[in-house]
Undergrad: 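Would you mind keeping the following structure in view while I ask a few things?
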Number of protein chains: 2
Amino acid sequence: MPELRLDPIQKQWVIIATERGRRPQDLYESAPSKKTIFCPFCPGNEEKTPKPIRVFGPDGPLQNGQDWRIRVVPNKYPALQVEGELDPKAVGIYDRVNGIGAHEVIIETPAHDHDLPDLAQDHRRQLLQVYRERVQDLMLDRRLRYVMVFRNFGEQAGATLPHPHSQVIATPITPRIVATELRSAYEHYDQKERCLYCDVVEQEISDGSRIVAMDDQIVAFCPYASRVPFEMHVYPRRHQHDYRLATDTLLGALSRTLGDILERMRVALNAPPYNLILHTSPNPASGAKRGYWQTIDADFHWHFEIFPRLTRIAGFEWGTGFHINPVAPETAAQYLREVRIQHL
Amino acid sequence: MPELRLDPIQKQWVIIATERGRRPQDLYESAPSKKTIFCPFCPGNEEKTPKPIRVFGPDGPLQNGQDWRIRVVPNKYPALQVEGELDPKAVGIYDRVNGIGAHEVIIETPAHDHDLPDLAQDHRRQLLQVYRERVQDLMLDRRLRYVMVFRNFGEQAGATLPHPHSQVIATPITPRIVATELRSAYEHYDQKERCLYCDVVEQEISDGSRIVAMDDQIVAFCPYASRVPFEMHVYPRRHQHDYRLATDTLLGALSRTLGDILERMRVALNAPPYNLILHTSPNPASGAKRGYWQTIDADFHWHFEIFPRLTRIAGFEWGTGFHINPVAPETAAQYLREVRIQHL
């Protein structure tokens with residue numbers, strides 16, 4: 001059983017998931033090139049993944065799993081496990097919780113070599129709808145405080161298989177980064193009675209220098225304090241705290257903008273490795289700590305964050321939490337705006 | 001001039017250092033193998049670095065720079081710059097400060113292919129003394145709140161040149177990670193009137209399962225909530241908040257233990273890339289925020305942290321701040337204890 005452990009100095013939780021671990025040698029013995037080896041996510045190899053949770057065709061859920069477009073399966077090497085009761089314990093000065101949670105894989109397409117911009121517009125929208133369904137479904141479990149949907153593209157970004165896939169990890173603890181976001185938004189609302197994220201979106205639109213793409217529903221920009229070169233954030237322009245509330249129409253607009261900016265990034269930066277992360281509000285059914293504004297839900301604003309992985313995290317970052325970014329976000333945004341792409 | 005920017009949501013500072021930046025293409029066009037190209041840190045190429053701040057021979061400081069053992073030079077591409085006054089500004093909802101600070105490089109040895117365990121014991125101790133001198137010297141500048149000494153080994157760990165070197169970055173802001181450490185120690189002391197770090201060290205020694213090496217002055221262990229496989233922390237056993245107070249005798253013991261555990265790591269993990277980071281208390285002369293215990297200095301305990309870079313930081317870590325570690329620290333410590341090394 002994996003285990004969550006709290007660092008008493010950094011106040012940071014760590015998942016010790018030794019079931020994923022192999023011998024120490026496996027950590028440095030280089031793997032054979034991933035492209036040439038067997039792919040368990042390709043059509044024909046369905047029996048190599050655990051039994052699917054959900055399977056979708058172009059017209060919606062499939063019963064028999066034939067001619068699938070998107071498959072949701074349990075992770076074969078889960079970081080957290082779904083069976084059991086939460087059992088928090090003190091270990092002297094330390095704290096631990098057994099690793100209850102969920103870890104799913106969303107196989108995004110049968111096409112081994114595609115990335116998100118290659119998907120048809122309605123396929124990409126369906127994927128965003130599947131994200132929504134997984135968040136909805138996992139939040140029915142009151143043990144789970146947070147549902148994190150993310151995507152690693154490329155080996156440098158942590159993808160262990162090249163076939164396009166997203167992951168869903170639901171945790172019994174509100175993650176530190178989300179807790180900070182909630183607290184910032186709470187303090188801002190407390191002072192100003194406005195959503196912090198709405199204020200950021202407003203300022204970005206009126207300034208304009210960091211905007212990458214925008215329509216009447218969605219805005220994508222390089223954030224003012226970008227941690228890495230070409231970091232991008234994507235927000236619904238109208239306030240909405242919980243991704244579960246996003247309509248199909250809104251997800252259609254989101255799909256268009258995501259396709260556009262990821263294609264810009266691919267052309268501008270030569271298909272860099274990247275991480276894409278959905279930030280949504282925590283599970284209210286779990287008693288997750290949120291701000292004090294639950295009734296008006298001004299303590300969050302769902303959004304996506306995209307991190308191209310062009311630079312290395314080095315000692316300075318590990319020691320300070322500061323990032324050093326060699327490209328100003330204004331320069332990055334201009335470069336992305338001006339790059340010529342095929343109309344999707 | 002580089003610029004520090006505050007993220008209003010993550011409350012995180014970022015250094016935008018565009019002077020280091022080149023064209024966006026340079027971020028992904030792969031560099032030629034670093035081993036074959038010209039090395040500005042090798043003997044004979046001294047004029048390729050900026051004018052040295054300090055030069056040391058085996059017997060101490062050198063005037064003429066001949067036959068050096070350790071050289072301290074300004075970083076040619078500094079993340080922060082030393083000239084000017086701090087000039088904090090609001091930019092609408094955002095905050096920025098001009099990038100005042102210092103960025104130095106410590107060239108550790110004339111030998112291009114050495115790593116820390118290859119240095120003679122007294123050479124390694126001298127390097128630790130040079131760390132101490134640089135911290136002492138930079139803390140005379142009251143604009144600088146924190147002095148961070150760190151070392152990147154291997155390209156995967158962010159080293160841009162293979163010749164062994166450490167870096168010193170002094171910042172006008174107390175870094176988030178250090179601020180968290182200070183707050184944790186303050187809260188612990190407030191409640192218990194004991195140093196949090198001393199309690200951790202005490203528990204590790206009495207438990208024993210995570211100890212890698214120890215003598216009567218220094219202890220090295222894999223921390224309970226290790227973020228990465230084979231993470232190691234190295235503490236003086238007797239309480240001391242400020243690295244500037246470390247005696248030459250203590251640094252001799254530290255040098256032996258550091259040499260021992262880095263050699264164990266090199267043998268056990270096949271010379272992995274790694275980061276080594278000194279954590280010391282912030283500059284009291286700068287008015288840096290610390291706990292409320294400055295007179296008794298129980299709010300910090302200097303130590304080194306070592307992060308082998310065997311796993312990738314992926315989307316889950318970027319979105320949550322959680323790390324997933326596939327090797328339990330008890331397993332890692334046992335492996336490191338049992339590996340056979342040449343006596344240094």
Side-chain angles (χ1 to χ4, degrees), chain A residues 5-18 20-21 24 27-28 79 92-94 148 150-152 157-158 169 175-177 180-181 184 196 199-200 203 224-227 229 269-270 272 275-277 307 310 312-316 318-328 335, chain B residues 5-18 20-21 24 27-28 79 92-94 148 150-152 157-158 169 175-177 180-181 184 196 199-200 203 224-225 227 229 268-270 272 275-277 307 310 312-316 318-328 335:
Chain A
R5 296 184 177 188
L6 179 65
D7 181 315
I9 296 164
Q10 282 299 330
K11 306 289 185 208
Q12 196 171 23
W13 288 91
V14 167
I15 301 176
I16 307 284
T18 53
R20 289 161 72 89
L27 291 168
Y28 59 79
I93 202 173
Y94 303 130
M148 170 62 60
F150 63 100
R151 186 169 197 285
N152 304 329
I169 297 187
R176 176 180 62 75
I177 285 180
T180 303
E181 291 176 327
S184 299
L196 169 60
D199 277 9
V200 165
Q203 181 164 337
Y224 176 76
S226 290
R227 286 158 281 187
L269 302 174
N270 200 19
N275 302 108
L276 177 142
I277 299 145
F307 297 90
L310 300 158
R312 312 263 187 202
I313 309 292
F316 184 67
W318 278 104
T320 59
F322 273 102
H323 287 269
I324 300 177
N325 178 353
V327 181
Y335 199 76
Chain B
R5 296 184 176 189
L6 180 64
D7 181 314
I9 296 164
Q10 281 300 329
K11 306 290 186 206
Q12 196 170 22
W13 288 90
V14 168
I15 301 175
I16 308 284
T18 53
R20 291 162 71 88
L27 292 168
Y28 59 80
I93 201 175
Y94 303 130
M148 169 63 61
F150 63 99
R151 184 170 198 284
N152 304 329
I169 296 187
R176 177 179 60 78
I177 286 180
T180 304
E181 292 176 326
S184 299
L196 169 60
D199 278 8
V200 165
Q203 180 164 337
Y224 176 75
R227 287 158 280 187
L269 303 174
N270 201 19
N275 302 108
L276 177 141
I277 299 145
F307 297 90
L310 300 159
R312 312 262 188 204
I313 309 293
F316 184 67
W318 276 104
T320 59
F322 272 103
H323 287 270
I324 300 178
N325 178 353
V327 181
Y335 199 77

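Within every chain, numbering begins at 1; the chains are lettered A, B, ... in the order of the sequence lines, protein sequences first and strands thereafter. Everything quoted here is computed from the prediction, not taken from an experiment. For the numbers below, each heavy atom of this structure counts, side chains included, while hydrogens, waters and symmetry mates do not.
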Undergrad: Name the option with the most non-hydrogen atom pairs under 4.5 Å to chain B; the candidates are A:G92, A:A157, A:P8, A:P175.
TA: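 So the answer, after comparing A:G92, A:A157, A:P8, A:P175, is A:P175.
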
Undergrad: Of all of A:Q10, A:K11, A:M148, which one pairs up most often with chain B through heavy atoms under 4.5 Å apart?
TA: A:Q10

Undergrad: Any chance you could measure A:I9, atom CD1, to B:D199, atom CG, to the nearest 0.5 Å?
TA: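 Between A:I9 CD1 and B:D199 CG, I get 10.0 Å after rounding to 0.5 Å.
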
Undergrad: Do A:Y94 and B:Q203 have side chains that approach each other closer than 4.5 Å (heavy atoms only, starting at C-beta)?
TA: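 SC-SC contact between A:Y94 and B:Q203 confirmed.
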
Undergrad: Measure the CG-CD1 distance between A:N275 and B:I313 for me, rounded to the nearest 0.5 Å.
TA: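 Nearest 0.5 Å value for the CG-CD1 distance: 10.0 Å.
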
Undergrad: Could you walk me through whether B:F316 and A:I15 satisfy the side chain to side chain contact (heavy atoms under 4.5 Å, CB included) test, starting with their C-alpha distance in whole Å, then the side-chain angles of each, then the deciding distance to 0.1 Å, before giving a yes or no?
TA: CA-CA 11 Å; B:F316 184 67; A:I15 301 176; 3.8 Å; yes

Undergrad: State, yes or no, whether a side-chain contact exists between A:I16 and B:N325 at a heavy-atom distance under 4.5 Å.
TA: yes

Undergrad: Who pairs with B:D7 by salt bridge (charged side-chain N to carboxylate O under 4.0 Å, His left out), at least two apart in sequence or on another chain?
TA: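 Listed in chain order: nothing, the list is empty.
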
Undergrad: Can you tell which part of A:P229 gets under 4.5 Å to a heavy atom of chain B, answering side chain, backbone, both or neither?
TA: side chain

Undergrad: Please classify the contact between A:I277 and chain B as side chain, backbone, both or neither, with a heavy-atom cut-off of under 4.5 Å.
TA: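 Just its side chain gets close to chain B.
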
Undergrad: Who pairs with B:R312 by salt bridge (charged side-chain N to carboxylate O under 4.0 Å, His left out), at least two apart in sequence or on another chain?
TA: none

Undergrad: Of all heavy-atom pairs between A:L6 and B:A225, which one has the smallest distance, and what is that distance?
TA: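 Minimum heavy-atom separation between A:L6 and B:A225: C-CB, 3.9 Å.
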
Undergrad: Would you give the length of the straight line joining atom NE2 of A:H323 to atom CH2 of B:W13, rounded to the nearest 0.5 angstrom?
TA: 15.0 Å

Undergrad: Taking the side chain as everything from C-beta on, heavy atoms only, tell me whether B:V14 gets closer than 4.5 Å to A:Y224.
TA: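 Answer no - side chains too far apart.
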
Undergrad: Please round to the nearest 0.5 Å and tell me the distance separating atom CG of A:N152 and atom CH2 of B:W318.
TA: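 A:N152 CG to B:W318 CH2: 12.0 Å, rounded to 0.5 Å.
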
Undergrad: Can you find a pair of side-chain heavy atoms, one from B:I169 and one from A:I324, that are under 4.5 Å apart?
TA: yes

Undergrad: Between CZ of A:R227 and CZ of B:R5, what distance do you get to the nearest 0.5 Å?
TA: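 A:R227 CZ to B:R5 CZ: 14.0 Å, rounded to 0.5 Å.
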
